[in-house]
Amino acid sequence: MPELPEVETIRRQLQKIIVGKKLSGKEITAVRRRAKLLIIDFKDGSSLVFHLKMSGQLILNGQPLKHTRKIFKFNDGSTLVFNDMRKFGWWKRVKNSQILEKDFGPEALKINLISLKNCLKSHPKIKIKQFLMNQHFIAGIGNIYSDEILFASKIHPAKQVGKLNDRQIKLLHQNIKKILEKAVEYKGSSLKDYFDASGQKGDYVKYHQVYQKEGSKCSRCTSKIKRIKIGGRSAHFCPNCQKL
DNA sequence: ATTCGGACCTGAAAGC
DNA sequence: TGCTTTCAGGTCCGAA
């Protein structure tokens, strides 16, 4: 479920509340995010790492529900409740969170134009949507935001990376930042299962231009939004604004 | 090397 | 009204 904006929203909320508390005797020093991972750091250098996958939730002092998988208890009696209907999500303790670095490319909000260009150049055949969703190339983008970023950039999701021109790459780079930052500002997108750490929904859905809007009118022209399959995932786009 | 489908799970919504 | 199919914010694995 959650992509960068949703995990980042949870991170910011947890950071404010749980730093300084203790979990199984160990003091929490920071709450970080890497790609779609949420990482709770302890004073002894170890970390507790979460991946929420499709339906995971982390809710502060949440009520235990049918799909609650784990309740973490802090020393002051407050709790962090992990719910996950589909059971894809996971958590684990690691001695050193550095080991996670090998799995991910640059953070989507931090990548610079040059390294984006170089990375695109080294995978010319892949379709741009799949490129954006590949965490090894660029970290944090999933199915919602890849569609929204490509719509904003007027690039067809099935466009081969090697066929993008400099102007398109520059636009893409700008829109990755722009869309993700705005989505963080609105606390992410709640479609079904996503709630933030305070149990609230994210408001960014109302700014979606294409994601899950098949059949509705494009906001820039008169065409209807189409949905196709790319790499097993739904891709939503405007066939008029985003041509191959 | 890439690409594809399927696997992991549960449940809601749509289709017939 | 039911029964069946499709779909879902992710990622991993093995077979073409």
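Here is the naming used below: chain letters follow the sequence lines, and residue numbers restart at 1 for every chain.
- Using atom P as the reference point in both C:dT6 and B:dG5, the two lie 14 Å apart (nearest Å).
- Distance CG (A:Asp84) to C1' (C:dA8): 13 Å, rounded to an integer number of Å.
- Atom-to-atom, CG of A:Asn83 to P of B:dG11 comes out at 13 Å; the value is rounded to the nearest Å.
- Comparing atom distances between the A:Lys66 side chain and each of B:dG11, C:dA8, C:dT11 picks out B:dG11 as nearest.
- Salt bridge status for A:Lys182 with A:Glu185: absent, with no side-chain N to carboxylate O gap under 4.0 Å.
- Stacking here means ring centres nearer than 5.5 Å and ring planes tilted less than 30 degrees, and by that measure A:Phe88 does not stack onto B:dC9.
- A:Leu132 places its CG atom 14 Å from the P atom of C:dT11, with the value rounded to the nearest Å.
- For A:Phe50 and A:Phe72, the ring centers are positioned less than 6.0 Å apart.
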Using atom types as modelled, flag every donor-acceptor pair under 3.5 Å from a side chain in residues 86-95 of chain A to any protein atom, sequence neighbours excluded.
| unit_1 | atom_1 | unit_2 | atom_2 | d |
| --- | --- | --- | --- | --- |
| A:Arg93 | NH2 | A:Ser24 | OG | 3.0 |

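- A salt bridge links A:Lys26 and A:Asp44; the closest N-O separation between the charged side-chain nitrogens and carboxylate oxygens is under 4.0 Å.
- Side-chain proximity of A:Asn143 to the nucleotides B:dT10, C:dC7, C:dG10 is greatest for C:dG10.
- Closest contact between the side chain of A:Ile126 and the listed nucleotides B:dT3, C:dT11, B:dG11 involves B:dT3.
- Comparing the P positions of C:dT11 and B:dG11 gives a spacing of 23 Å, expressed to the nearest Å.
- When distances run from any side-chain atom of A:Ser234 to the nucleotides B:dG11, C:dG10, C:dC7, the shortest one goes to C:dC7.
- Take the nearest nucleotide of DNA chain B for A:Lys87 and for A:Lys127: the residue whose nucleotide is more 5' is A:Lys127.
- Counting non-hydrogen atoms of neighbouring residues, nucleotides and ligands closer than 6.0 angstrom, the NZ atom of A:Lys36 exceeds 12 such neighbours.
- Distance, A:Lys53 NZ to B:dC9 P: 11 Å, rounded to whole Å.
- Between A:His51 and C:dT11 there is a side-chain polar atom (N or O) within less than 4.0 angstrom of OP1 or OP2.
- Considering only side-chain N and O atoms, A:His67 lies under 4.0 angstrom from the phosphate OP1 or OP2 of B:dG11.
- In the displayed structure, A:Lys21 atom NZ is contacted under 6.0 Å by more than 12 heavy atoms of other residues, nucleotides or ligands.
- Taken together, the paired segments of DNA chain C that extend over three or more consecutive Watson-Crick or G-U pairs, each closer than 3.5 Å at both contacts, are B:2-8 with C:10-16, B:10-16 with C:2-8.
- Residue A:Gln63 qualifies as open at atom CD: its count of foreign heavy atoms under 6.0 Å is 12 or below.
- An OP1 or OP2 oxygen of C:dT6 is reached within less than 4.0 angstrom by no side-chain nitrogen or oxygen of A:Lys229.
- Looking at heavy-atom distances under 4.0 Å, A:Gly232 makes no contact with the nucleic acid at all.
- Between the CZ atom of A:Phe104 and the C1' atom of C:dC12 there is a distance of 13 Å, given to the nearest Å.
- Taking atom C1' on both nucleotides, B:dG6 is separated from C:dC7 by 16 Å, rounded to a whole Å.
- One interatomic measurement links the two molecules: CE of A:Met54 to C1' of B:dG11, which rounds to 13 Å at whole-angstrom precision.
- Within 4.0 Å of A:Gln130, counting heavy atoms only, lies no atom of the nucleic acid at all.
- For the OP1/OP2 pair of C:dA8 and a distance below 4.0 Å, the side-chain nitrogens and oxygens of A:Gln212 include no atom meeting the criterion.
- A:Arg32 pairs by the salt bridge (charged side-chain N to carboxylate O under 4.0 Å, His left out) definition with A:Asp41, not counting sequence neighbours.
- Look at A:Asp147 and A:Lys129 and you find a salt bridge, because one of the NZ, NE, NH1 or NH2 atoms lies within 4.0 Å of a carboxylate O, short of that distance.
- Between the CD atom of A:Gln135 and the C1' atom of C:dG10 there is a distance of 9 Å, given to the nearest Å.
- Of all nucleotides listed (B:dC9, C:dC7, C:dG10), C:dC7 comes nearest to the side chain of A:Arg227.
- Base contact: A:Lys192 has a heavy atom under 4.0 Å from a base atom.
- Atom P of nucleotide B:dA12 and atom CG of A:Leu191 are separated by 16 Å, given to the nearest angstrom.
- Checking C:dT11, B:dT10, B:dT3 against the side-chain heavy atoms of A:Lys125 singles out B:dT3 as nearest.
- Contact annotation: A:Arg86 does not reach the phosphate of B:dC8 (side-chain N/O to OP1 or OP2, under 4.0 Å).
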